[in-house]
Peer 1: 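Right, I'll just put the structure down here and ask away after.
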Amino acid sequence: MQHTPAARIAADAALAETLPAAGLHGRTVYVSPTTRMIGHGIALSARPAGDDLRETVARLLATARSEGFPPVVVGAIPFDTQSPASLYVPERLERPGRPVPLAATPGAGDAPAIVDVRQTPSPSGYRDAVTRGLARIRRTDLKKLVLARRLELELDAAPDLAGLLATLMRRHPASFVYGVPLDAGNGEDAGVLLGASPELLVRKAGDRVFANPLAGTIAADPDRLRNARNIARLLASAKDRQEHAYTSRAVGDTLRPFCRSLDVPETPSVLAAGPVNHLSTVITGELASPGVTALDLALALHPTPAVGGAPTADALAAIADIEGFDRGLYAGMVGWCDENGDGEWAVTLRCAEIRGRRVRLFAGAGIVEGSDPEAEYRETETKLKTMLQALGLEPSAAGKARAER
Ligand SMILES: C=C(O[C@H]1C=CC=C(C(=O)O)[C@@H]1O)C(=O)O
């Protein structure tokens, strides 16, 4: 069901009110233009990796059915699918569907302040990494790689997670907003993964399949005229069109063998996502085999060149050599699937891993021939604003704290 933005905002404010103040306390939240889910309590959880992912999800769904829990798995799968996922069957699943009057804004309060900032790599280290990536593109068959940065903040107080989710839902009504509890494998609370991704990896509903690869970015501008000029520049940029084409082509090529029909528009459109605008391709299709699940499709697609590169194997090797940190859940997938094989997985972007007062943010940029290290660095800064602003942290404050280190 599609909602108008106004109706979605109203419903999401109500949805956020059902979350306890401050923490998520075992709640799993996933809200997108097509799905609203709040899982209350955790009935079953699993941390499968690699080849065990599909089988474990099938087992979780079967157990949920036989034990009387909702037969839905919600959670996140890391960028490196050989690392453990965080998957849950909630005790009770709330699927609020109907908009209600907008209530008081949750989460309004004093924003925390930054006590410490750590960056991996440093800003100059990131620009150097892009330069190394470009040299590899010139020297080898590699055409595109996505290089990311990690920002680790220590705040003076733990952020209000329910308020943060409400803010993300309000500001990004067209995005995939998520809050997933993390456990360290020993049953202990290891914080939450929380974010507002603009990118649909794949959705399967019956025999219909949808994907929305994004790649190619320009900053959004609050001034409408300047923003329109930015968008025109993005659409006219040969470098961004190339960067996008690697991604949309790869997603289309991966989905085609599963489909009876597939529409992959030749020309990208533009998707506004808060502080940035992206080149976007809306892919729709009809599946040939009803037996294929949303998770099968997501695992076949991941990592798309929106987070990996092209060719994929060369890009993954280059990322492992150059990037210098473990992405964890960032750039993986977050979403849900059910016992009918339906489901929706978003690319885990514009996210934070939050453990009390410690917040880890991530952002990356696609590097192709013609990329400029300084421009790519600035692009990651702009992407970081989605979470920094929602946390009430001005990006300039993060920059200042960084400069003072
Ligand atoms: C890797 C990220 O964004 C991807 C998605 C959209 C546009 C992108 C780009 O233009 O580089 C990235 O491929 C990120 O937000 O960390």
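What you see is a predicted model, and the numbers here were worked out from it, not measured in a lab.
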Peer 1: Quick one: which of Leu295, Leu329, Thr348 gives a side chain to side chain contact (heavy atoms under 4.5 Å, CB included) with Ile77?
Peer 2: Leu295
Peer 1: Take Leu279 and Leu214 through the test side chain to side chain contact (heavy atoms under 4.5 Å, CB included) and record every step on the way to the result.
Peer 2: CA-CA 6 Å; Leu279 290 180; Leu214 307 177; over 6 Å; no
Peer 1: Start with the C-alpha gap between Leu53 and Leu299, add the side-chain angles, then the distance that decides, and say whether side chain to side chain contact (heavy atoms under 4.5 Å, CB included) holds.
Peer 2: CA-CA 9 Å; Leu53 275 162; Leu299 291 172; 4.0 Å; yes
Peer 1: Is there side-chain contact between Glu374 and Val130, with heavy atoms separated by less than 4.5 Å?
Peer 2: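 They are not in side-chain contact.
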Peer 1: Ignoring hydrogens and geometry, is there a side-chain-to-backbone donor-acceptor pair from Asp221 to Asn227 under 3.5 Å?
Peer 2: no
Peer 1: What do the steps show when you test Met387 against Val359 for side chain to side chain contact (heavy atoms under 4.5 Å, CB included), and what is the final call?
Peer 2: CA-CA 10 Å; Met387 287 309 299; Val359 177; over 6 Å; no
Peer 1: Do side-chain atoms of Lys144 reach the backbone of Glu243 as a donor and acceptor pair under 3.5 angstrom?
Peer 2: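 Judged by distance alone, yes, a pair lies under 3.5 Å.
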Peer 1: Under 3.5 Å, is there a donor-acceptor pair linking the side chains of Thr131 and Asp128?
Peer 2: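 Checked: Thr131/Asp128 side chains show no N/O donor-acceptor pair below 3.5 Å.
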Peer 1: Working to the nearest 0.5 Å, report the span between OG of Ser175 and CG of Leu168.
Peer 2: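 Answer rounded to 0.5 Å: 9.0 Å.
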Peer 1: Distance check, rounded to the nearest 0.5 Å: Arg36 atom CZ versus Arg95 atom CZ?
Peer 2: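 Going from CZ on Arg36 over to CZ on Arg95, the span is 11.0 Å.
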Peer 1: Give a yes or no answer on whether the side chain of Ser269 reaches the backbone of Ser280 with a donor-acceptor pair at less than 3.5 Å.
Peer 2: yes
Peer 1: Of all the heavy-atom pairs spanning Ala111 and Gly392, show the shortest one and how long it is.
Peer 2: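 Of all heavy-atom pairs spanning Ala111 and Gly392, the closest is CB-O, 3.6 Å.
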Peer 1: Do you know the tightest heavy-atom contact between Met333 and Ala298?
Peer 2: SD-CB, 3.5 Å
Peer 1: Could you state the interatomic distance from CD1 (Ile283) to CZ (Phe210), rounded to the nearest 0.5 Å?
Peer 2: 12.5 Å
Peer 1: With a sphere of 6.0 Å drawn around CZ of Arg65, does it hold more than 12 non-hydrogen atoms of other residues, nucleotides or ligands?
Peer 2: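 12 or below, so no.
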Peer 1: Inspect the surroundings of CG in Asp223 and state if more than 12 heavy atoms from other residues, nucleotides or ligands are less than 6.0 Å away.
Peer 2: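 More than 12 within 6.0 Å, yes.
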Peer 1: Given side chains that start at C-beta, do those of Thr35 and Trp336 come closer than 4.5 Å, heavy atoms only?
Peer 2: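 The answer is yes, as the side chains (C-beta and beyond) meet within the 4.5 Å cut-off.
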Peer 1: Spell out, as yes or no, whether a donor-acceptor pair under 3.5 Å connects the side chain of Asp338 to the backbone of Asp342.
Peer 2: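 Yes: the side chain of Asp338 pairs with the backbone of Asp342.
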Peer 1: Taking the side chain as every heavy atom from C-beta outward, state whether Ile367 and Leu134 have any pair of such atoms under 4.5 Å apart.
Peer 2: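 Result yes, sub-4.5 Å side-chain heavy-atom pair found.
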Peer 1: Can you name the closest pair of heavy atoms from Pro265 and Val282 and give their distance?
Peer 2: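 Heavy atoms of Pro265 and Val282 come nearest at CD-O, 3.2 Å.
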Peer 1: Is the shortest heavy-atom distance from the side chain of Tyr330 to the side chain of Glu353 under 4.5 Å?
Peer 2: no
Peer 1: Restricting to ring-ring contact (aromatic ring centres under 6.0 Å, His included), what partner residues turn up for Phe79, sequence neighbours left out?
Peer 2: His302
Peer 1: Are the side chains of Glu199 and Val307 in contact, using a 4.5 Å heavy-atom criterion?
Peer 2: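 SC-SC contact between Val307 and Glu199 ruled out.
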Peer 1: For residues Val89 and Thr63, determine if any side-chain heavy atom of one lies less than 4.5 Å from a side-chain heavy atom of the other.
Peer 2: no
Peer 1: Locate the shortest heavy-atom distance separating Pro303 from Leu316; write the atom from each residue and the value.
Peer 2: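 Nearest pair, atom of Pro303 first, then Leu316: CG-CD2, 4.0 Å.
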Peer 1: Measure from the side-chain N and O atoms of Arg241 to the backbone N and O of Leu235, and report whether any donor-acceptor pair falls under 3.5 Å.
Peer 2: yes
Peer 1: Once rounded to the nearest 0.5 Å, what's the spacing between atom CG of Leu44 and atom OG1 of Thr56?
Peer 2: 12.0 Å
Peer 1: Can you find a pair of side-chain heavy atoms, one from Leu384 and one from Arg149, that are under 4.5 Å apart?
Peer 2: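 When only atoms from C-beta onward are counted, Arg149 and Leu384 do touch, with a gap below 4.5 Å.
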Peer 1: So, for Thr247 and Ala215, which heavy atoms are closest and what is the spacing to 0.1 Å?
Peer 2: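 In this case the closest contact between Thr247 and Ala215 is OG1-CB, 3.5 Å.
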Peer 1: Look up atom CG in Leu87 and atom CD1 in Ile42, then write down how far apart they are to the nearest 0.5 Å.
Peer 2: 11.0 Å
Peer 1: Checking salt bridge (Lys or Arg N to Asp or Glu O under 4.0 Å) against Glu152, which of Arg358, Arg355, Arg360, Arg118 comes through?
Peer 2: Arg360
Peer 1: Quick check against the 3.5 Å criterion: does Asp156 have a side-chain atom that pairs as donor or acceptor with the backbone of Ala113?
Peer 2: yes
Peer 1: Under a 3.5 Å threshold, yes or no: a donor from one side chain and an acceptor from the other, between Tyr30 and Glu344?
Peer 2: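 Per modelled atom types, Tyr30 and Glu344 side chains form a pair under 3.5 Å.
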Peer 1: Is there a salt bridge (charged side-chain N to carboxylate O under 4.0 Å, His left out) between Lys385 and Glu381 once you walk through the steps?
Peer 2: CA-CA 7 Å; Lys385 283 186 189 173; Glu381 286 281 284; over 6 Å; no
Peer 1: Please check this pair: side chain of Ser32 against backbone of Thr34, looking for a donor-acceptor N/O pair closer than 3.5 Å.
Peer 2: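 Side chain of Ser32 to backbone of Thr34: a pair is present.
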Peer 1: Please determine which of Arg260, Lys204, Arg256 meets the salt bridge (Lys or Arg N to Asp or Glu O under 4.0 Å) test together with Glu286.
Peer 2: Arg260
Peer 1: What pairs with Asp326 under salt bridge (charged side-chain N to carboxylate O under 4.0 Å, His left out), at least two apart in sequence or on another chain?
Peer 2: none
Peer 1: Can any side-chain N or O of Tyr126 pair as donor or acceptor with the backbone N or O of Thr380 at less than 3.5 Å?
Peer 2: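 No: the side chain of Tyr126 does not pair with the backbone of Thr380.
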Peer 1: Using a 6.0 Å cut-off, check whether atom CD of Glu369 has over 12 heavy atoms from anything other than its own residue.
Peer 2: no
Peer 1: Out of Asn212, Thr254, Leu301, which residue meets the side chain to side chain contact (heavy atoms under 4.5 Å, CB included) rule with Val202?
Peer 2: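 Of the listed options, the one satisfying the test is Leu301.
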Peer 1: Closer than 3.5 angstrom, by distance alone: can the side chain of Thr281 be matched with the main-chain N or O of Pro213 as a donor-acceptor pair?
Peer 2: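 It does not hold such a pair.
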Peer 1: Charged N to carboxylate O below 4.0 Å: is that the case for Asp296 and Arg54?
Peer 2: yes
Peer 1: Could you report the tightest heavy-atom contact between Pro70 and Ala64, atom names first, then the distance?
Peer 2: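 What the structure gives for the nearest pair is O-CB, 3.6 Å.
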Peer 1: Supply the atom-to-atom distance Leu200 CG to Trp345 CH2, rounded to the nearest 0.5 angstrom.
Peer 2: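 Separation between the atoms: 12.5 Å.
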Peer 1: For a side chain to side chain contact (heavy atoms under 4.5 Å, CB included) check, start with the C-alpha distance between Cys337 and Thr293, then their side-chain angles and the critical distance, and finish with the verdict.
Peer 2: CA-CA 8 Å; Cys337 53; Thr293 69; over 6 Å; no
Peer 1: Inspect the surroundings of CZ in Arg171 and state if more than 12 heavy atoms from other residues, nucleotides or ligands are less than 6.0 Å away.
Peer 2: yes
Peer 1: Ignoring hydrogens and angles, tell me if any N or O in the side chain of Lys383 forms a donor-acceptor pair with the backbone of Gly364 under 3.5 Å.
Peer 2: yes
Peer 1: Could you check if a side-chain atom of Arg27 sits within less than 4.5 angstrom of a side-chain atom of His40, using non-hydrogen atoms only?
Peer 2: yes
